[in-house]
Amino acid sequence: MGGERRAVGGVRGAGGGPTAVLVHGLYHRPGHFAPVADGLRAQGVEVAVPELHRGSLAADTAAVQAAVDALAEPPLLLGHSYGGSVITGVRGARHLVYLAAFVPDVGESAAALGGASPQLRDAVVPGEGPEGTTRLDSGRAAEVLYDDCPEPLAARAVGLLRPQAPGCGRGVPVHHSWKRTPSTYVVCAGDRAVDPALQRTLAARCTGVREWRTGHSPFVSRPALVVDLVAELLGAVSSRT
């Protein structure tokens, strides 16, 4: 999509228009998705970006479920990395997008699926908060999560990272929405955090697959790419409803 962008589905504003919920991963915050959210809102999409870090997968899932339930229309639900475990357990989405994300099946957790690179594991250091809390080393985080970003963007993204409470990645979803909801998996072929080979295996569980030559965080390095995908999928969904 190039040049002037049109409102998705020809509708602008809330109440009956296209909707999307963007779900961040571990250590991340809603602010990491700000360029994507702004780009979608400019096209008339109502966007929610809930804050996770609620202490468990169940609590994170409940927070996203509340955001979905508050919208006038069933949204496209995008989950990044650990956010894939979260959106898996949420009901009421019209389409799921797994962005370099985990797609757990019955009894599986993100931690059990593995795939975290040695570089990512090396970047994790004990935090200064409650016992078990961890954080990411800023220098290593930039190299692993934002290696394909210009330095100013990578620095901003690292500055937004926050400590992570223990246990979320070991949570097992109660529901598995990808079994009954159309879904698209985006493989990030240059990912240094989650093994692209694992991503391709998980992508087979989804109804559609895209592959991008990006690192782990295209919402930072190439937000327009994410905006265009969401807008495209919302348009395709709208045409079928």
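Residue numbers run from 1 in the order of the sequence given. Computed from a predicted model, the values in this text were never measured in an experiment.
- Hydrophobic clustering of Ile, Leu, Val, Met, Phe, Trp and Tyr side chains at less than 4.5 Å, counting indirect connections, unites Leu71 with Phe33.
- For Gln199 (side chain) and Ala189 (main-chain N/O), no donor-acceptor pair under 3.5 Å exists by modelled atom type.
- To the nearest 0.5 Å, atoms OH (Tyr82) and SG (Cys168) are separated by 4.0 Å.
- Between the Ser85 side chain and the Phe102 main chain, no donor and acceptor come within less than 3.5 Å of each other.
- Counting non-hydrogen atoms of other residues, nucleotides and ligands closer than 6.0 Å to CZ of Arg213 gives a total of 12 or fewer.
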| From CA spacing to verdict: side-chain contact (heavy atoms from CB on, under 4.5 Å), Arg180, His175 | CA-CA 10 Å; Arg180 56 188 175 275; His175 308 294; 3.9 Å; yes
Result block: side-chain N/O donor-acceptor pairs under 3.5 angstrom for residues 18-28, not counting sequence neighbours:
unit_1 : atom_1 : unit_2 : atom_2 : d
Thr19  : OG1    : Glu73  : O      : 3.1
Thr19  : OG1    : Pro74  : O      : 3.3
His24  : ND1    : His28  : O      : 3.2
His24  : NE2    : Leu52  : N      : 3.1
Tyr27  : OH     : Thr134 : OG1    : 2.6
His28  : ND1    : Leu26  : O      : 2.9
His28  : NE2    : Tyr146 : OH     : 2.8

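- Nearest approach of Pro104 to Thr88, heavy atoms of both residues: CD-OG1, 3.6 Å.
- A 4.5 Å side-chain heavy-atom check between Arg222 and Trp212 finds every atom pair outside the cut-off.
- Note that the CZ atom of Arg29 and the CG atom of Leu160 stand 7.0 Å from one another [nearest 0.5 Å].
- By the criterion of side-chain heavy atoms lying less than 4.5 angstrom apart, applied directly or through intervening Ile, Leu, Val, Met, Phe, Trp or Tyr residues, Leu57 is not grouped with Val172; the two fall into different hydrophobic clusters.
- Annotation: the span from Ile87 atom CD1 to Gln65 atom CD amounts to 12.0 Å, rounded to 0.5 Å.
- Put simply, the side chain of Thr61 never gets that close to the backbone of Val90: no donor and acceptor are under 3.5 Å apart.
- The backbone N or O of His216 lies less than 3.5 Å from a partner atom in the side chain of His80, making a donor-acceptor pair.
- The two residues Arg170 and Pro166 come nearest to each other via the heavy atoms NH2-C, 4.5 Å.
- Under the 4.5 Å side-chain heavy-atom criterion for Ile, Leu, Val, Met, Phe, Trp and Tyr, Leu153 and Val227 are members of the same hydrophobic cluster.
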| request: Go through the steps for Asp105 and Lys179 under the test salt bridge (charged side-chain N to carboxylate O under 4.0 Å, His left out), then give the verdict. | output: CA-CA 9 Å; Asp105 205 338; Lys179 292 177 180 277; 2.9 Å; yes
| request: Mind running side-chain contact (heavy atoms from CB on, under 4.5 Å) on Leu225 and Thr214 for me, showing each step along the way? | output: CA-CA 10 Å; Leu225 197 61; Thr214 69; 4.1 Å; yes
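- Between Leu96 and Val103, the closest side-chain pair of non-hydrogen atoms is not below 4.5 Å.
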| request: Apply the test side-chain contact (heavy atoms from CB on, under 4.5 Å) to residues Leu234 and His95: give CA-CA distance (whole Å), side-chain angles for both, the deciding distance (0.1 Å), then the verdict. | output: CA-CA 8 Å; Leu234 281 172; His95 197 99; over 6 Å; no
| Steps toward side-chain contact (heavy atoms from CB on, under 4.5 Å) verdict (Val209, Thr184) | CA-CA 5 Å; Val209 183; Thr184 300; over 6 Å; no
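- Gln43 approaches Ala231 most closely through the heavy-atom pair OE1-CB, 3.8 Å.
- Minimum interatomic distance between Gly171 and Ser109 (heavy atoms only, all atoms of both residues): O-CB, 3.2 Å.
- Taken to the nearest 0.5 Å, the CZ atom of Arg210 stands 5.5 Å off from the CG atom of Leu233.
- At least one donor-acceptor pair under 3.5 Å links the side chain of Arg41 to the backbone N or O of Val47.
- Across all non-hydrogen atoms, the minimal contact from Ala101 to Tyr185 is O-OH, 2.6 Å.
- The main-chain N or O of Ala123 is never found under 3.5 Å from a side-chain atom of Asp137 such that the two would form a donor-acceptor pair.
- Residue pairs meeting the salt bridge (charged side-chain N to carboxylate O under 4.0 Å, His left out) criterion with at least one partner in residues 140-150, sequence neighbours excluded, are Asp147-Arg192.
- In terms of hydrophobic clustering, with Ile, Leu, Val, Met, Phe, Trp and Tyr side chains grouped at heavy-atom distances under 4.5 Å, Leu161 and Leu99 are assigned to a common cluster.
- Atom OG1 of Thr133 is separated from atom CZ of Arg162 by 9.0 Å, given to the nearest 0.5 angstrom.
- Here the CD atom belonging to Gln119 is positioned 11.0 Å from the CG atom belonging to Leu145, to the nearest 0.5 angstrom.
- Looking only at side-chain heavy atoms (C-beta outward), Leu78 and Val230 come within less than 4.5 Å of each other.
- Summarising the geometry of Val68 relative to Pro75, their closest heavy-atom pair is CG1-CD, 3.8 Å, with the distance given to 0.1 Å.
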